[in-house]
2 protein chains.
Amino acid sequence: MNYSVSEENYIKAIFHLQGDSGNVTTNDLAAALHTRPASVTDMMKKLKAKKLISYQPYYGFKLSAEGRKTALGIVRRHRLWEYFLAEKLNFDWEDVHEVAEHLEHVSSKKLIDKLDEYLGFPKFDPHGDPIPDSAGHMESDARNMLSETEAHQMVTVAYVSNQSKEMLALLKHRKIRIGTKLEIIKKFSFDQSLEIKPKNQQAFSISETLAKNIFVTHEQ
Amino acid sequence: MNYSVSEENYIKAIFHLQGDSGNVTTNDLAAALHTRPASVTDMMKKLKAKKLISYQPYYGFKLSAEGRKTALGIVRRHRLWEYFLAEKLNFDWEDVHEVAEHLEHVSSKKLIDKLDEYLGFPKFDPHGDPIPDSAGHMESDARNMLSETEAHQMVTVAYVSNQSKEMLALLKHRKIRIGTKLEIIKKFSFDQSLEIKPKNQQAFSISETLAKNIFVTHEQ
DNA sequence: ATAAAATTTTAGGCAAATCTAAAAAATATT
DNA sequence: AATATTTTTTAGATTTGCCTAAAATTTTAT
Ligand SMILES: [Mn+2]
Ligand SMILES: [Mn+2]
Ligand SMILES: [Mn+2]
Ligand SMILES: [Mn+2]
């Protein structure tokens, strides 16, 4: 019911790594947590004993129903704190993650539910990621990769998939954030770069690399 | 420069225990932290090696200048979070301590300074304890024990020295909190009980035991 | 189908933080 | 001053979480 900081970091990392296949490997998890494969194997034994994952030695692991529920709780805390830091404390977009990485481990349910209420039950964090509600449910709206969106469309930035400091620094410089409305002026097939024009800004071009990491919605 | 949760809890406990004499004993610290004397001795060796305390085996210990500075930082975080929980998240007075006990260990300076600013640089926490500023300075205003205050005076509750659940439950029932203004109607020498009348409330009597744990200011 | 390479696990060790039981030292009592 | 009591420290274990090096297993290449 109550897990250590280390256990929580492992659970959350597995949650983020298991995409559709649902299976995570020892090496991948070690890389994600900047730790050694041997340490991962140790922890997997413990999480299996606690029934948070199913684990076949040599064949990877996946969260159990209980593990997933636990992961959603941690993600909820992380994203609510990110929202708080950005909205209330005026943190820059790119700085919220590091602090939330620690705040997420303060696991008082009462604290988080009251924080959620205080913030007005936000649905998305500052990076556009959905915030699970207290029952573990979250929005999953249809988003399209900016690089695959047709020209001459007005879209709204909803999510950025790469959240490295470098990426966020670039977005900040370009004044692109979650909620920014922009028009796709032209697409160049030579290098797949795009000319875009954010509302109330001059048009400029962005690389394919960047466009592949920005997700947009069309509605409205 | 950066200390473990356990080290921080020890440092803070020493800070609270060392009154005027300035010297804390192994048994007292063990009792305060619900741990064993042997564990305290182990940790004292470590804190001494890190120059946070001066420590003479068998003769107790006290914080060094560096240790005191560190302790003030932890106390600052603790009390700012208590203020946040009470003022912004509407926590009951008696519930803030437990959660702050964990939040205090998230030690980002930027986070705490921005939180302080967001809260409007409060000078006292919900229990009336002074909050150190980012340089470690705090108010130390003249407070008097309610039991030793003359009758027919209008005073303001500024601090409660006993912060047990039982005490806070009684104060809550009596609707007495930090900032409550009240008049001392009469003092009974038989049992040292007091008749008091909070503003906008009926008069009632309180025991000497309670009156010895309530501190008040006269100004204004 | 073997051999080579990559991945994962096991074995053994280490540091932090705790504990119990025994020894040592300080303090109090006669 | 000697003895008893209390306090504190030391010795030796235990648990958690991590590591390196070696062994086991799976996967890939020939
Ligand atoms: Mn974390
Ligand atoms: Mn985020
Ligand atoms: Mn604490
Ligand atoms: Mn307090």
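Here is how names work: the chains are called A, B, and so on, in the same order as the sequence lines, proteins then strands, and each is numbered from 1.
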Which listed nucleotide ([options]) is nearest to the side chain of [X]?
| X | options | result |
| --- | --- | --- |
| N27(B) | dT8(D), dT9(D), dT18(C) | dT8(D) |
| Y58(B) | dA11(D), dC18(D), dA26(C) | dA26(C) |
| P37(A) | dA26(C), dT9(C), dT18(C) | dT9(C) |
| Y59(B) | dA24(C), dT27(C), dA11(D) | dT27(C) |
| T26(B) | dT8(C), dT9(D), dC18(D) | dT9(D) |
| Y10(A) | dC18(D), dT9(D), dC19(D) | dC18(D) |

Specify the separation, in whole Å, of atom [atom1] of [X] and atom [atom2] of [N].
| X | N | atom1 | atom2 | result |
| --- | --- | --- | --- | --- |
| M43(B) | dT9(D) | CE | C1' | 16 Å |
| Y55(A) | dT25(D) | OH | C1' | 12 Å |
| D42(A) | dT20(D) | CG | P | 13 Å |
| M44(A) | dC18(D) | CE | C1' | 13 Å |
| L29(A) | dT8(C) | CG | P | 10 Å |
| K48(B) | dT9(D) | NZ | P | 11 Å |
| K50(A) | dT15(D) | NZ | C1' | 11 Å |
| Q56(A) | dT26(D) | CD | P | 11 Å |

For a quick check of understanding: with a heavy-atom distance under 4.0 Å over all strands, which category does [X] fall into, base, sugar-phosphate or nothing?
| X | value |
| --- | --- |
| T41(B) | base |
| F61(B) | nothing |
| P57(A) | sugar-phosphate |
| S39(A) | base |

Considering only distance and modelled atom types, tabulate donor-acceptor pairs under 3.5 Å from the side chains of residues 24-39 of chain A, sequence neighbours left out.
residue: T25(A); atom: OG1; partner: D28(A); partner atom: N; Å: 3.4
residue: T25(A); atom: OG1; partner: D28(A); partner atom: OD2; Å: 3.3

To the closest 0.5 Å, what do you measure between NE2 (H105(A)) and CG (L103(A))?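 Result: 9.5 Å between the selected atoms.
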Could you tell me the separation between the CD1 atom of I206(B) and the CG atom of N213(B), rounded to the nearest 0.5 Å?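 Rounded to the nearest 0.5 Å, the CD1-CG separation comes to 10.0 Å.
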Using the ring of F61(A) (Phe, Tyr or Trp, six-membered ring only), decide whether K48(A) places NZ or CZ under 6.0 Å from its centre and within 45 degrees of its axis. no
Identify, between A38(B) and T35(A), the residue whose nearest nucleotide on DNA chain D lies closer to the 5' end.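 It is A38(B), whose closest nucleotide lies nearer the 5' terminus.
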is_close_aromatic(F84(B), F84(A)), centroid dist under 6.0 Å: yes
